[in-house]
Amino acid sequence: MNEKLQINKVLKGDTAAFGYFVDTYQDMAVTIAYRVCGNKQDAEDIVQNAFVKAFHNLQAFRSDSKFSTWFYRIVYNTAITETRTVLYSTEFVDYKVMDMNDSYSDFDTMTIIEENERKEMINKAMEKLPKDESVMLTLYYLEDNPIKDIALITNLTEANVKIKLYRARKRLAEAVN
């Protein structure tokens, strides 16, 4: 669905239309917040606060960037602000939950187990990285954001984003091995 149309609906008073943005961006927003704060419950609270901020400031959204870029910046900034004031504990979170069919062959089951082990290994390695590098990898590889959008979200220069991505990839490879 066209996001500009949804934004216009919300601005004209159809508050239920904002549910589209919640459904579309909630999972990645929680992942970004988790990468910053390291706690799933706190990440969910941060995302809820970010959605409230986005809803109240929707009239300030300029269509010169994607809604996701604008919103993820709100999530990122909210998470940074929250982590400066509270000490968080860490806990494992999976990026997306797989749909499981009841009928898997042994080969499919083995593939699923191996994939889950890889995801867990990568998640554990990501937890060892500095928070900013973990966020960079999440935005770039999991959300497929271009460098330009990551720069807008994190308020860094494109060159700085590239450097941080390079360092993050290098550290991730070291952490996995």
Side-chain angles (χ1 to χ4, degrees), residues 1-7 10 18-40 42-55 57-58 60-84 90 92-98 115 118-176:
M1 173 156 282
N2 186 349
E3 290 187 348
K4 290 180 184 180
L5 178 66
Q6 290 297 102
I7 291 169
V10 175
F18 194 75
Y20 164 81
F21 298 106
V22 174
D23 293 341
T24 305
Y25 298 111
Q26 184 170 6
D27 291 341
M28 181 49 65
V30 170
T31 301
I32 292 167
Y34 174 77
R35 295 287 182 224
V36 174
C37 74
N39 180 288
K40 186 178 179 191
D42 292 330
E44 290 170 352
D45 292 342
I46 288 166
V47 169
Q48 184 175 5
N49 291 340
F51 274 120
V52 170
K53 288 178 184 179
F55 180 80
N57 294 298
L58 194 58
F61 172 69
R62 297 183 314 268
S63 296
D64 55 349
S65 67
K66 295 186 296 185
F67 178 85
S68 62
T69 302
W70 179 74
F71 177 65
Y72 293 153
R73 182 172 181 152
I74 293 171
V75 172
Y76 181 77
N77 289 337
T78 303
I80 293 293
T81 302
E82 293 291 324
T83 56
R84 287 183 181 151
T90 60
F92 175 76
V93 68
D94 193 6
Y95 169 61
K96 291 193 178 179
V97 178
M98 290 178 56
E115 180 66 23
R118 269 193 296 272
K119 284 181 180 180
E120 186 173 345
M121 179 179 65
I122 290 171
N123 251 335
K124 285 181 180 180
M126 293 273 282
E127 289 176 359
K128 294 177 184 177
L129 299 178
K131 302 281 186 202
D132 60 334
E133 291 179 3
S134 180
V135 169
M136 295 288 166
L137 291 173
T138 300
L139 288 170
Y140 190 73
Y141 288 106
L142 298 180
E143 185 59 18
D144 293 326
N145 277 305
I147 301 290
K148 179 181 176 184
D149 288 353
I150 296 172
L152 290 172
I153 291 167
T154 59
N155 203 26
L156 298 170
T157 65
E158 289 183 33
N160 202 344
V161 169
K162 289 177 185 177
I163 291 168
K164 286 186 177 279
L165 275 171
Y166 173 78
R167 290 179 183 158
R169 283 189 288 259
K170 191 173 180 180
R171 283 189 204 190
L172 182 63
E174 291 169 0
V176 169

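Values in this document were obtained by computation on a predicted structure and should not be read as measured data.
Residues passing the ring pair (Phe, Tyr, Trp, His ring centres under 6.0 Å) test with Tyr25, sequence neighbours excluded: Phe67, Tyr72.
Contact detail for Met126 and Ser134: the closest heavy-atom pair is CE-O, 3.6 Å. Contact between Lys66 and Pro146 at its shortest, heavy atoms only, is NZ-CD, 4.5 Å. The shortest heavy-atom contact between Cys37 and Ala43 is SG-N, 3.7 Å. Leu129 and Leu172 make their closest contact through CD2-N, 3.7 Å (heavy atoms, listed as atom of the first residue, atom of the second, distance). Arg171 and Pro130 get closest at one heavy-atom pair: NH1-CG, 3.1 Å.
Annotation: side chain of Leu139 is not in contact with side chain of Val161 (no heavy-atom distance under 4.5 Å). Side-chain contact between Arg169 and Leu137 is present, with at least one heavy-atom pair separated by less than 4.5 Å. The shortest distance between side-chain heavy atoms of Met136 and Thr154 falls below 4.5 Å. No side-chain heavy atom of Glu82 sits less than 4.5 Å from a side-chain heavy atom of Asp42. Side-chain contact between Glu3 and Ser68: absent, with no pair of heavy atoms (C-beta onward) separated by less than 4.5 Å.
Counted within 6.0 Å of CD on Gln48, heavy atoms from surrounding residues, nucleotides or ligands total 12 or fewer; the atom is thus considered open.
Of the candidates Phe55, Phe61, Phe21, Phe51, Phe51 is the only one forming a ring-ring contact (aromatic ring centres under 6.0 Å, His included) with Phe71.
Remark: side-chain polar atoms of Asn57 are not paired, donor with acceptor, to backbone N or O of Ala60 under 3.5 angstrom. In this structure, the side chain of Arg167 does not engage the main chain of Glu133 through any donor-acceptor pair within 3.5 Å.
Contact check on Glu120 versus Lys124 returns a salt bridge, with a Lys/Arg side-chain nitrogen under 4.0 Å from an Asp/Glu carboxylate oxygen.
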